J.: 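A single structure is presented below for examination.
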Amino acid sequence: MDGAFKGRFMALWQKYFGDAPLPMVFYYTDKEEEGVIKVKAPEVHRCMVADLARVAVGKSILFDAGSIGCFGGKHYLGYSEGWMPHFEYFLSCGLPGTVEGERYKKTPELVKDYTTLLPGWKAPAPYMVFKRWDKIADGDDPQVAIFFASPDVLSGLFTLANFDVKGLDGVMSPFGSGCAAIVQFPYLERETEGPKAVLGMLDVSARPCVRPNVLTFALPVKRLRVMAENMDESFLTTESWAMVRKRIDLATKEKAKA
């Protein structure tokens, strides 16, 4: 990424969102990087979202297929094109003596329909790097930006994502796992004519990995560039936003004291 946009975005973010957390980014790469922590293969089932807490505090981490301790994570990050055996029962009512059901869909048939709607895809490279925005290096090619944000911050991001959109849906919130909402869906939006942002982390299984008042807002970096250029002529300059911004600043200060 060019340093000019990296710095400009940070300045605009500070101007309108104060000390609210910066986004993190990810990109696929063919090689491991010096100074980037490789996530170890977990010994038990583990949601990859839990590892992103390290990124939020400034650590850069790297995944490969062996780093992911969840079959769903392998699929949604592009390292497995298939589904676990009896997936239609796992996501719905279960299969006695075989698999416990999560009951996220009413019937196995609905799960089968759901899987046909998901695009098949494969990770374009063996490694995947996550970095906080301020840790991006000049030679990096971040593909998706992910905000872990409070409702007030989300209101600003949501409105900005719709600022220059003709229609009602500059943001989408498709049913899926926590990792699908921050990886697969926004990554594939890169190739669409009018890329949308993805509101996520509504997956009940992933919720314990994030703070209670946080959801995610993920989008292609190329879309974030456009949104950033719109900031100075948007609602962010109004008194309405100033009132919300005061609450963001207060919440940020209270969190720092905790």
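Source: prediction; values computed, not measured.
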J.: Compute the centroid of each ring, for W121 and then for F185, and state whether the two points are separated by less than 6.0 Å.
T.: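 Between W121 and F185, the centre distance exceeds or equals 6.0 Å.
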
J.: Which atoms form the tightest heavy-atom contact between A145 and P23, and what is the distance?
T.: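 Scanning both residues, the minimum pair turns out to be CB-CB, 4.5 Å.
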
J.: By salt bridge (Lys or Arg N to Asp or Glu O under 4.0 Å), which residues pair with R103, not counting sequence neighbours?
T.: none

J.: Could you tell me which non-hydrogen atom of V144 sits nearest to which non-hydrogen atom of I182, and how far apart they are?
T.: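 Heavy-atom minimum between the residues: CG1-O, 3.9 Å.
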
J.: Mark yes or no for whether D152, through its side chain, and I248, through its backbone, hold a donor-acceptor pair below 3.5 Å.
T.: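 The answer is no, because no donor-acceptor pair under 3.5 Å joins these two groups.
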
J.: Test of understanding: clusters of I, L, V, M, F, W, Y form through side-chain heavy atoms closer than 4.5 Å, transitively. Do V129 and M24 belong to the same one?
T.: no

J.: For the salt bridge (Lys or Arg N to Asp or Glu O under 4.0 Å) test, which of K40, K59, R46 pairs with D51?
T.: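 Among K40, K59, R46, the one meeting salt bridge (Lys or Arg N to Asp or Glu O under 4.0 Å) with D51 is R46.
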
J.: Within the side chain of K6, is there an N or O that forms a donor-acceptor pair under 3.5 Å with the backbone of I136?
T.: yes

J.: So, D232 and K15, do they make that salt bridge, N to O below 4.0 Å?
T.: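 Salt bridge present between D232 and K15.
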
J.: Does the Q184 side chain pair with the main chain of P119, one donor and one acceptor, at a distance under 3.5 Å?
T.: yes

J.: Within the 3.5 Å criterion, strictly below it, is a donor on D30 or Y127 matched to an acceptor on the partner's side chain?
T.: no

J.: Between F71 and F90, what is the ring plane arrangement, given parallel below 30°, perpendicular above 60°, and tilted in between?
T.: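 Perpendicular.
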
J.: Counting N and O atoms only, with roles assigned by atom type, does the side chain of R245 sit under 3.5 Å from a partner on the main chain of E239, one being a donor and the other an acceptor?
T.: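 Judged by distance alone, no pair lies under 3.5 Å.
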
J.: Which of parallel (below 30°), tilted (30 to 60°) and perpendicular (above 60°) describes F26 and Y28?
T.: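 Answer is perpendicular, since the angle exceeds 60°.
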
J.: How are the rings of F147 and W13 set relative to one another: parallel (under 30°), tilted (30 to 60°) or perpendicular (over 60°)?
T.: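 Aromatic pair F147/W13 classed tilted.
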
J.: Whether the side chain of S92 engages the backbone of K105 through a donor-acceptor N/O pair (distance < 3.5 Å, no angle test) should be reported.
T.: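 Checked: no pair found.
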
J.: Hey, quick one: are M201 and L188 part of the same hydrophobic cluster, counting side-chain heavy atoms closer than 4.5 Å, chains of contacts allowed?
T.: yes

J.: When you measure from the side chain of D64 to the backbone N and O of S67, does any donor-acceptor pair fall under 3.5 Å?
T.: yes

J.: Please give me the minimum heavy-atom distance between L157 and F217, naming the atom from each residue.
T.: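 Where L157 meets F217 most closely, the heavy atoms are O-CZ, 3.5 Å.
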
J.: Could you give all pairs that pass the ring pair (Phe, Tyr, Trp, His ring centres under 6.0 Å) test and reach residues 221-248, with sequence neighbours left out?
T.: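 Qualifying pairs, neighbours excluded: F17-W241, F235-W241.
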
J.: State, without any angle test, whether S205 and Y104 hold a side-chain donor-acceptor pair at a distance under 3.5 Å.
T.: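 Judged by distance alone, the side chains do pair up.
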
